[in-house]
Structures are given as C-alpha cells and as structure tokens.
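The structure appears right after this line, and notes come after that.
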Number of protein chains: 2
Amino acid sequence: MLGTMQERQLTLDHFVNRAETYFPDREIVTNTAAGLQRTTYGAWADRTHRLAGVLDNLGISAEGRVATFAWNTARHLELYFAAPCSGRVLHTLNLRLFPEQLTYIVNHAEDEVIFVDRSLLGLLVPRVGEFNTVKHIVVMDDGVPNEIPSFDGGPEVHDYEELLAGAERTEFRCADEWAAASMCYTSGTTGNPKGVTYTHRSTYLHTMAAMLADTIGVTEADVILPVVPMFHANAWGLAHAAVASGAKLVQPGPDLSPGTLARLIEEEKVTLAAGVPTIWMGVVEELEGRDTSALRVVPCGGSAVPTSLSKRFEEVTGLPILQAWGMTETSPVGSVAKVISSLEDSSEEKLDELRASQGLPVLGVELRVVTPDGEQVPWDGETQGELQAAGPWITNGYYNDERSAEAMTEDGWCRTGDVAVMLPEGYLKLVDRTKDVIKTGGEWISSVELENEIMAHPAVAEAAVIAVAHPKWAERPLACVVLRDGAEATRDEILAFLDGRVAKWWIPDDVVFIDEVPKTSVGKFSKKTLREQFADYELPGVADA
Amino acid sequence: MLGTMQERQLTLDHFVNRAETYFPDREIVTNTAAGLQRTTYGAWADRTHRLAGVLDNLGISAEGRVATFAWNTARHLELYFAAPCSGRVLHTLNLRLFPEQLTYIVNHAEDEVIFVDRSLLGLLVPRVGEFNTVKHIVVMDDGVPNEIPSFDGGPEVHDYEELLAGAERTEFRCADEWAAASMCYTSGTTGNPKGVTYTHRSTYLHTMAAMLADTIGVTEADVILPVVPMFHANAWGLAHAAVASGAKLVQPGPDLSPGTLARLIEEEKVTLAAGVPTIWMGVVEELEGRDTSALRVVPCGGSAVPTSLSKRFEEVTGLPILQAWGMTETSPVGSVAKVISSLEDSSEEKLDELRASQGLPVLGVELRVVTPDGEQVPWDGETQGELQAAGPWITNGYYNDERSAEAMTEDGWCRTGDVAVMLPEGYLKLVDRTKDVIKTGGEWISSVELENEIMAHPAVAEAAVIAVAHPKWAERPLACVVLRDGAEATRDEILAFLDGRVAKWWIPDDVVFIDEVPKTSVGKFSKKTLREQFADYELPGVADA
C-alpha cells in the first residue's frame, strides 16, 4: 500500500555498497607468511563482485553452499560477502574439527565448492575422497608452498587468483532478507556437529547490534583485529561490522602467536581486538612495554574470562577485558558485561563480579533463566536455571537435524544448554552446562564451581566433576582429579579441603585420580567421555543402602 | 522451516520490556508549570501498560488513530508506546499548524481520540466542532488551570489520570512488524499537509540507527533532552532511543525559553540535547558560565546550522554542534555530518565545510543526487541535482493521498524535494528546495545561496529569491528584499553588491522591496506566497524581447 514505509530488505549487499562508496581507501591488512599485505575496501569490493562472477562461472547453484577452509584474510572476507550476496550460502568450515566431523559437515551441508588456503591443504586433502557433493576445490595461495593436489575423477582444482582474473564484475543478487546467508556448525561434545543457518536479516541486525554504542560500538574510526576465527560464529560479527562501518580491518592470518599479535596491535594502531581468553593470556605479556594507547575495547568470549586475566590486562593496557556472551546458535552476540552507569560507583569486588558475569542482553535479544519447574529464577545470584534466548538473530533449530526439537522450548525460545543465575543487578551469570550439572534431590550442583574449588587445592592440576547415578538422590557428584607432577593428595584430603568452601551437600561422594582430563576438538573438557568411563561407578555407601 | 533464525518481529514492545526489566530505576524528568516531576521507567512502563487498557476501555478500534496534542512530557511518552503496542496508530498533532490544517489532518487521519495537555486546550477546543471522527478528548492536567470544556453532542471529555486509575495493566498486542505504529503530517508549504505512516519495523530500525556509535550513539549512560518536539518527526528518534537504551530522559514540557533549557542542561547533567538551530541561538548565550561538562553531543537539524552558531557553541561548551539531516518522510535521521577519522586532519576551513554539510548517510539509508538528465552528480561540490532516498525507514508515499505518485521515483526512491551537491569527500550538501530553485537555461540557481549573499548586504534584513517566468530562459531570479529599519539601498546597489559574489548568470534580473517575507506555520519563508504574488511580474527587458 502507498503511504507507509519502503519494503527495503535487510540484505548484506548494502554493507558492501556502503564501504565501496564512502570508504574506498580504508585498508584491509592481512598478515601472511610473506609479510603484511594491504588492500582497500574499494579494491576489495570490486574483487568481491568479481568473485560473485566466479561462483557463476563454476556453476554453483542458487542457494548452493560455498565452503571456506581458511584463516582470517582479506580473501576470506571476499568470500564472506560474495557467497551470500550472489544468492549462495557461505559455509565456514572449522579448521579444528576432528577429521570425521569435517567430512560429516561437508556432506551434511552438501557443499559444492571449498575455498582453501594453500597452507591448510594438508588438513583438507586427505578427506576430499569422502566428500559427496564437492565439485570444486579452489586454492588460495597464501605463500606456503604446499603441493597443489589433483583428484582423479574427483573435484576440479583451481587457483583463486586465476579464477578471479577470468571473471567479470557481477551484480549482486540478494532480494530477500529471509534467505539463508551463511551457516556454521557447532563443535558440540555430543554426537555430530549441528548446523546453524543465518539469514541476511539476522546477520544485518546482528551487525547493527554489534555497532550499537552500548554493545561493542564499532565505528568507522576503529581498527579491528579479529583474532576470533571467521569460521567461529561469524567472528562475533566483527567482519561484518568492519565492512558496514568502514573500519580498518587487520586480519591476522595463520600466525596467532602472542608476539605477532602484540606487534600488530601496536604497529597497526588497533583499537578493537577480539579473541577467546586463552589468546589474551599469552598476548598480554607481550603487550607489556608496547604502545597500546589506540586500544579502546577488547571483547572476549567463548569461555569465562578469569578475573585475574582481566586485571592483568588492565594493568598492562589500562583497559579491563570486555566479557561478552554468545554461541553459534545466537549469531553470537547475546549479552555484554559492561558496567552500566548506575553501577559505576560499586565496590571493586562488585565491579569484578559484574565484569566476570555475562552481562545484560543487547538490544533485540531476550534472555530468561528458567528452573526445572518452568519459573523464571529470582535475581538472587543463587537460584539456578536453564538459560533460554529469543530474538531476531537467535536460531530456531538446526539445519536438517532431528535434534532441533529438543533445542527449542514450546513457545519458541532457544535452549542454550547453559545453566545460569541472575545477579541482583539483572546481570546474567553462567554457572555450568545443563548436561554437566549434577541433579541431586531436586537441586542442581554446578560442576564448574566445584571444579574451581577443587583446582584451588595446591596439589591439583585439573579437576572435572561429573554426575554418577545414585539410588536415593538421582545423581551425586564424583570428582575426577589430575594431580600436579610430583604432588600428592588423598581422597580424604581433597574432600576435607572443600569443607567450608562449598555447601555440605555439594561435597562429592568420592574422588578418583586420573592421568588427564579428556578434551574435545576445541580443547574443552569432554565430560561426556568421563561420564561414559565412570557410568557404572559405585559410590561409597550405595551398595549398603 | 526449522534450522534457520527465529521469526521474531521488530516491534516496539521490546523497547518497553527492556527498559522495565533492566532500567526500572532510571528517571524520566518532566519540567512542568508546577516544577520538575520525576518518574522512572519502571513506573512509566506500568502506566503505559495501563494506558493500553484505557484505549481498550474507550473502545478505540484496532488500528484506530490515537492523536496527541501535547508538549514533550512523560505522559506523552506513555502515549508514544501505548498506542502502537496495543495495535493502534499514534498520530502526533503539530501544535504549530494553522487551525484549518489541524482540522484537515484530524479528519484525514480519522482520529478517534485526542489526548491534549490542559495548557493547550485554548488551541484545540475552538476546532473540535469541525472534527468528524473524534469520539473522546482526554485532558492531561499539566497544572495550567484552563477551563475543562464539554461538547454537547460532541466528543466525551475525560481526565487522563482518572482513566488510568480505572484501568488494568494490559498485555501489549503488536505481532506484526509491518503494522503501522504512528503517523506524522508534514507542514508543507504547498496544499494540505501530507501524512507519513511509520511501521513498527521502520521505527525499530530507525531507533537502532540512532543508537549506532557512528550516528548519535545513544547509550544507557546518556541524559537526553529532546527540545525537538515529539510531534516533529518522531523527535528525531530520541524518545524511542531513550527507552530502548534505558537512558535518562529530560522532557522540557512547554517552557522552551533559553534560560530554562540552559538550567536543565546544567542541573540534570544532560549529555545529549537536540533541537533546531534557532533554539541553540538563544540557549548558547545562557550556557555561558554554566557547567556543561556532561554534554557530549548536540545534534541539530531541521534547517542548516550556520557555521557561526556552531563556532559559538564550541566556544561556550567545547563542542561543535552535530548537524544531521532528515525529514518527516525519512523518520527522520538520514545522514549525520560527523567528520570521519580520515578527514580529521583537514584544514579548519574544510572542517567547517564538512560540519556545515548534511554529511554521510547512516547505515541502512541510501542517498543519491540526480540531475534532470537522470544521472547521479559527480562529487565536485558544484553539480546540482535532486536528493533521493531509499531505505527501511524511508517513506514510499503519503497516507491516502494522490500526491504519493509524484513523491516517488519509478524505481521506488523517495524524492526529497531537496536540491543538493556532493562534496569531493562524499558528503551531502543541500543547496535548495527543488520547488524554490530557479531553472534557467537548463541550469539550476540555488535561491538559498542567492539569498545568503543578498542578506550579507548591511542594509538588508531579509531576502527571498523566487523564479519568475522568462520567455527565453524559462525562469529568471527575482529578489524580494526587506530593508532594515531606517536603512536604504537601491535595486542597482543590491545587484552591484552581488557582482563577484556569485556567477554573473546568477545575478537576479530585478529587485523588489517588500515589507516582510511571508512565513509558513513553522516559520519558514513561504516562497509559494511570493510566487503567487509576483506570478505576472514582468522582468526588465522581457517586454522588448
């Protein structure tokens, strides 16, 4: 009807057009084996349009999946936009998946082409024979002289730059904001990875949310270093936000060593650097003595940011780390742990607690923490429940996956699988994963909190706490403990150590000593493995009961 | 389909819920005849839900128009959300319209109820007999003891607080982002006012855009003083952005005197104050000597910000004024004249030029300047064309109005009616209105630029330049000049003064002296009236040709 608002769609071509028109000279810097390579949004946008032509020339179907197996580079950014803006779906493959998981997701997503960095051929080539739908492998030469493979009767192999040189600048085709733009598989600890599909609309809105002054506040004046990989939950929206705002982008490529990252931060005058906590543990020491005056915000997520790390970071750079929460299922930015203005005068202890929490939801996202009874938890910092999320950039299920049903509530909220409490200030605080929590006598025990207390014991290197079946209480905690080299401690010493540190009923029923805690492909504790190992473990006293 | 993103709608209830949940203690301050009144988002949100119940109780239909005739107050903010969130359409009536225009828009919009400040009854009551569809008048008592009217056989009269006290908290009903949320009529200089209808979606997105760090960057830490009226193009999005972010809001009420505004800025520690240039001309002098250290940004629009005003503002407060461009048809925020980081080191002259321009489009908005030949103008700062706009919060025509067709291009862009050039940096610079520009020999002359040059003559108080028909050149400029009291100047002196200040072919063909320039209801030059007055004016030399 005439007389209302234009039905303009929220599609990603707008970001490319804006960067090309208003910020053609802004740099995209990529760190490669051959040194820093510099391009501009003007040149990048032109190549991105030609890359759309390459996808046409390769015969990639409408809505066909375009996979990438690549580091953070300017070329990867070309793919980030050329695939969705030409009507295809970008599928970023996680370099750190187990080989069989990689094969599973390539086949499950029905990828038609894989764009791979030459330096990563060694990881990919051995699996190519197992890929059912891949017709083309396009090698992006990043200066690492791996042998270019050929697959007899398999996918055709191409050189990225040759294809680009042979393609025309092609108009974008993305007219529907509800169309799929990209997909990303979770590296879950249970079963096969699960695919999340993002739409143009969800990505556009998520990008705006990341640019809000109260979220990360990306501006054209930023110099963004996304250490978080582009295959990891949309690089937290920063690659899109850089293009949308016209900010300079520094792509770290394959070398994520602390010294290199610290040097990039100083020399490129980075204002915004984002990565998981373990990255900053190394980088912070290398930043000491460097000029970090350009830095204004360091968002961090993926796992909890230890207060000690944030403190150390503030000591060295003057900035505390900004903890943000999200997951593949939430695009990912769901909440940010900024201290709001009315809480700025809180005690140092309270400020630490707020900064170490998952914060307040960003505009557009709704979060709720629901007890097993279906009630929202009070804001008491104690009552635990399952965290559920809703909003325009939250998933409504997994791609072609029967596990979708259990991922959603009846009223359409996404079950995050996280256990959380609400602090009295309304800040969200994660305490565990729902599958790891110990459900005992109608109450929940956080395995993560118990582990932290056990790991405070000087003889303990690592500890994982799992639920073991109990005839009376349903489940009771079992502590699996790795002692430090040469250190000694007995079961009773560990349990006595916990006395007074946690509630009496939280104290594990038993302790077993193990050589190491099994890990997942991305380095998290695999409690699933431990649960299988100790499935029939008989807790003391149970046999007598 | 499962496996994509949630189909959550962009509806305004989300903003209310967010403010009520996470910022219940933040203040909304209203300056009234009885002094400052303070409430909180918690109390406000509860009243807003009860106001939705009031609209039900009054029998306002689904999608029924709910008119307001009110100053900027906390109550007006209740109406801003209760109407759209209960499925109705807010219609803000402009207090400054001519009486016959007011009657026209009430009848054209088919308003069912009008909420009116008691202090404004004098303006409204005499027209009520002409209103065809209004069933209820609700008086909001703001302490000005105007007599409460009654209308025999006409609308029922109610007291706002009594209705609210008698209503229940009512759930919001707004499930479709494409539904109309509000409407606003332009105070055009030609014909009847034209209605623009905003949707939930357009308002939601426009609010996010205003909150982007590169736009106005509204945050929860802001203290917002919208001097711009809530009936004027959504108060530039600031009322919505305040609620969405949880920022403290200072509502100035009816007293817009410079001294009062300056005092509010100091005492309430305002960080963001927005109004038209004429407001700041008065306020800046009252700010001298006051503590304005909390101020961080002063967006200004509606008409061009004189560089002298911006300079004076910076002298007093340390901040230059931030010029923004928009109109009722664009929600309104379309562009912002921030100096981007790569231009910060420009000459002082260039910085002044950029700050006095209309700037760069905000994310989401596309702007183009098109010559009569249909080409986009080069970025040369000289070639003039019509400014056209596209985007999710740009209108696609007027409500129930046959003038919609001429307002849009064939490819769906909104014709703004502005004449503009593009500066070499990509910044937009308005030079005139399309209907005021003088179209002569295939070229355009900016009436505004000519007027500015004529008004630089010391004897000239005001000048308006209009097009007069010319047999050879189609149109030629005629200068209509008001001399200062007691000052003298001849036609030839004025024309000689322009020699060297503008191009030879820009110099008007004649000068007429008038007593005053006729004005529109909102105080702009009404060149339409002058054009009618001088429609048959014979320019010198034409009779001989």
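Sequence lines set the chain letters: A, B, ... in the order given, protein chains first and strands last, and positions in each chain run from 1.
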Of all of A:Gly246, A:Gly217, A:Ala244, A:Gly364, which one pairs up most often with chain B through heavy atoms under 4.5 Å apart?
-> A:Gly364
With a 4.5 angstrom heavy-atom cut-off, could you sort out which part of A:Val365 is near chain B: side chain, backbone, both or neither?
-> backbone
Any idea which of A:Lys338, A:Glu425, A:Glu329, A:Glu177 has the most non-hydrogen atom pairs under 4.5 angstrom with chain B?
-> A:Glu177
Under a 4.5 Å heavy-atom cutoff, which of B:Thr199, B:Leu363, B:Leu212 has the most pairs with chain A?
-> B:Leu363
If the plane angle is over 60° it's perpendicular, under 30° parallel, otherwise tilted; pick one for A:His91 and A:Tyr185.
-> tilted
Contact class of B:Thr21 relative to chain A, heavy atoms under 4.5 angstrom = both
Establish, from distance only, whether the side-chain atoms of A:Asp25 and A:Thr40 form a donor-acceptor pair under 3.5 Å.
-> no
Under 3.5 Å, is there a donor-acceptor pair linking the side chains of A:Arg26 and B:Ser341?
-> yes
What about B:His240 and B:Tyr204, are their ring centers closer than 6.0 Å?
-> no
Contact part of A:Trp379 toward chain B, heavy-atom cut-off under 4.5 Å: side chain, backbone, both or neither?
-> side chain
Just wondering, do B:Trp393 and B:Val362 contact through their side chains at under 4.5 Å, heavy atoms?
-> yes
Contact part of B:Tyr427 toward chain A, heavy-atom cut-off under 4.5 Å: side chain, backbone, both or neither?
-> neither
Heavy atoms only, distances under 4.5 angstrom: which of A:Ala390, A:Ala407, A:Cys414 has the most pairs with chain B? Name it, please.
-> A:Ala390
Residue, of A:Ala180, A:Gly426, A:Gly391, that accumulates the most heavy atom pairs under 4.5 Å with chain B = A:Gly391
Under 4.5 Å from any heavy atom of chain B - which part of A:Ile216 | neither
Measure A:Ala19 against the heavy atoms of chain B and call it side chain, backbone, both or neither at under 4.5 Å.
-> neither
Neighbour count above 12 (heavy atom, 6.0 Å) for B:Asp411 CG = yes
The interface call for B:Ala241 against chain A, heavy-atom contacts under 4.5 Å, is neither
Electrostatic pair A:Glu220-A:Arg18, nearest N-O below 4.0 angstrom = no
Rounded to the nearest 0.5 Å, how far apart are CG of B:Asn234 and OG1 of B:Thr207?
-> 8.0 Å
